[in-house]
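Structure first, then comments.
Keep in mind it's a predicted model, so treat the numbers as computed, not measured.
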Amino acid sequence: MIDETYNELASEITIAFEPIPYPGDDPKVVGNWWELSNFLGKKWKEVSLEDVNTNWGPHHFTPKGLAYYLPAYLIAILLHPEQVDKLAREAVLKVLSPTKGEDGKIHKLPFSNELTSNQIKCIHRFVEAFGQIYPVWIKEWDYQEILQKGLEYWQHMDDSI
């Protein structure tokens with residue numbers, strides 16, 4: 001059974017991301033369509049659980065494409081946690097967690113420039129929920145550090161608003 005908190009967060013994500021206009025199908029705007037072909041011609045609300053599970057490469061999106069299609073991944077995880085493929089989970093966790101650049105510093109995630117303050121708050125809450133939804137999986141696959149980086153990043157982004 002899905003926690004009511006996750007249903008509420010999915011609704012908040014839907015509302016927060018609804019105003020983003022469809023970016024079209026231009027690969028320069030959206031991303032590598034070879035990898036993301038199931039998304040071609042679809043608005044993010046039309047992306048199915050099957051699409052999420054067969055295209056676990058959100059890192060193939062441009063920042064604008066990721067900002068647009070990210071809610072499809074977040075909502076799938078919140079509403080269908082057991083049905084979301086492990087690779088899709090991993091891809092979402094990694095795309096929401098910063099890495100260090102060549103200079104050794106953690107850099108701002110490029111797609112976060114495309115987000116409103118409300119969307120940032122939703123993503124922060126999602127990352128917190130992700131740890132609650134998949135605690136065993138995170139431990140088994142040794143993703144605690146990646147999750148922690150994501151939590152710290154989105155907390156900082158949320159605090160900066």
- [ ] Show your reasoning for whether side-chain contact (heavy atoms from CB on, under 4.5 Å) applies to V92 and L96.
- [x] CA-CA 6 Å; V92 168; L96 293 177; 3.9 Å; yes
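- Here the side chain of S97 pairs a donor or acceptor atom with the backbone of I146 at under 3.5 angstrom.
- Judged as a side chain to side chain contact (heavy atoms under 4.5 Å, CB included), and not counting sequence neighbours, the contacts of I106 are P98, K100.
- Residues passing the ring-ring contact (aromatic ring centres under 6.0 Å, His included) test with Y143, sequence neighbours excluded: W137.
- In this structure, Y153 contributes its side chain and Q148 its backbone to no donor-acceptor pair below 3.5 Å.
- Taking CG of L147 as the reference point, atom NZ of K139 lies at 14.0 Å (rounded to 0.5 Å).
- Put simply, CG on L74 and OG1 on T14 are 10.0 Å apart, with the number rounded to the nearest 0.5 Å.
- A 4.5 Å side-chain heavy-atom check between L115 and S112 finds at least one atom pair inside the cut-off.
- Here the closest non-hydrogen pair linking L151 and V127 is CD2-CG1, 3.5 Å.
- The side chain to side chain donor-acceptor pair (under 3.5 Å) test applied to K43 returns no partner, not counting sequence neighbours.
- Expressed to the nearest 0.5 Å, how far CD1 of I20 lies from CD of E114 amounts to 8.5 Å.
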In residues 118-125, what donor-acceptor pairs under 3.5 Å come from side-chain atoms, sequence neighbours left out?
from: Q119; atom 1: OE1; to: T116; atom 2: N; distance (Å): 2.8
from: Q119; atom 1: OE1; to: T116; atom 2: OG1; distance (Å): 3.4
from: Q119; atom 1: NE2; to: A16; atom 2: O; distance (Å): 2.9
from: K121; atom 1: NZ; to: D158; atom 2: OD1; distance (Å): 3.0
from: H124; atom 1: ND1; to: D158; atom 2: OD2; distance (Å): 2.9
from: H124; atom 1: NE2; to: E128; atom 2: OE2; distance (Å): 3.3
from: H124; atom 1: NE2; to: Q155; atom 2: OE1; distance (Å): 3.2
from: R125; atom 1: NH1; to: E12; atom 2: OE1; distance (Å): 2.3
from: R125; atom 1: NH1; to: E12; atom 2: OE2; distance (Å): 3.2

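- The heavy-atom pair separating A129 from L78 by the smallest distance is CB-CD2, 4.2 Å.
- Taking the six-membered ring for Trp and the full ring otherwise, F61 and F39 have centroids separated by under 6.0 Å.
- In this view, Q144 satisfies the side chain to side chain donor-acceptor pair (under 3.5 Å) rule with no residue, not counting sequence neighbours.
- A distance of 6.0 Å or more separates the ring centres of Y69 and Y73.
- Side-chain contact between I13 and L70 is absent, with no heavy-atom pair separated by less than 4.5 Å.
- Q132 contributes atom CD, which lies 8.0 Å from atom CG of D3 (distance to the nearest 0.5 angstrom).
- Here CG of D159 is found 11.0 Å from CE of M157. Values are rounded to the nearest 0.5 Å.
- Remark: D103 engages K105, H107 in a side chain to side chain contact (heavy atoms under 4.5 Å, CB included) (not counting sequence neighbours).
- Between R89 and F130, some side-chain heavy-atom pair lies under the 4.5 Å cut-off.
- Considering every non-hydrogen atom in both A72 and V52, the closest pair reads O-CG2, 4.0 Å.
- Using a 30° and 60° split on the angle between ring planes, F111 and W154 fall in the tilted class, from 30° to 60°.
- Considering only heavy atoms from C-beta on, Y6 comes within 4.5 Å of I133 through its side chain.
- For S48, the side chain to side chain contact (heavy atoms under 4.5 Å, CB included) partners at least two apart in sequence or on another chain are E50, D51.
- D85 approaches N53 most closely through the heavy-atom pair N-OD1, 2.6 Å.
- Residues passing the salt bridge (charged side-chain N to carboxylate O under 4.0 Å, His left out) test with K86: none are found, sequence neighbours excluded.
- Here the closest heavy-atom approach between residue I138 and residue G131 is recorded as CD1-CA, 3.7 Å.
- Checked against side chain to side chain donor-acceptor pair (under 3.5 Å), T62 has no partners two or more places apart in sequence or in another chain.
- Taking the salt bridge (charged side-chain N to carboxylate O under 4.0 Å, His left out) definition, one finds that K108 meets it with nothing, sequence neighbours left out.
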Task: Stepwise side-chain contact (heavy atoms from CB on, under 4.5 Å) check, I75 with W44 - done: CA-CA 10 Å; I75 292 169; W44 71 261; 3.6 Å; yes
Task: Derivation and outcome, side-chain contact (heavy atoms from CB on, under 4.5 Å), residues L93 and Y134 - done: CA-CA 11 Å; L93 180 59; Y134 298 119; over 6 Å; no
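- Hydrophobic clustering of Ile, Leu, Val, Met, Phe, Trp and Tyr side chains at less than 4.5 Å, counting indirect connections, keeps L87 apart from V136.
- Of all heavy-atom pairs spanning Q83 and L49, the tightest one is OE1-CD2, 3.2 Å.
- Take E145 and apply the salt bridge (charged side-chain N to carboxylate O under 4.0 Å, His left out) test, not counting sequence neighbours, and it matches K149.
- K45 NZ to F17 CZ: the interatomic distance, rounded to the nearest 0.5 Å, is 12.5 Å.
- Looking at residues two or more places apart in sequence or on another chain, you find no salt bridge (charged side-chain N to carboxylate O under 4.0 Å, His left out) involving E82.
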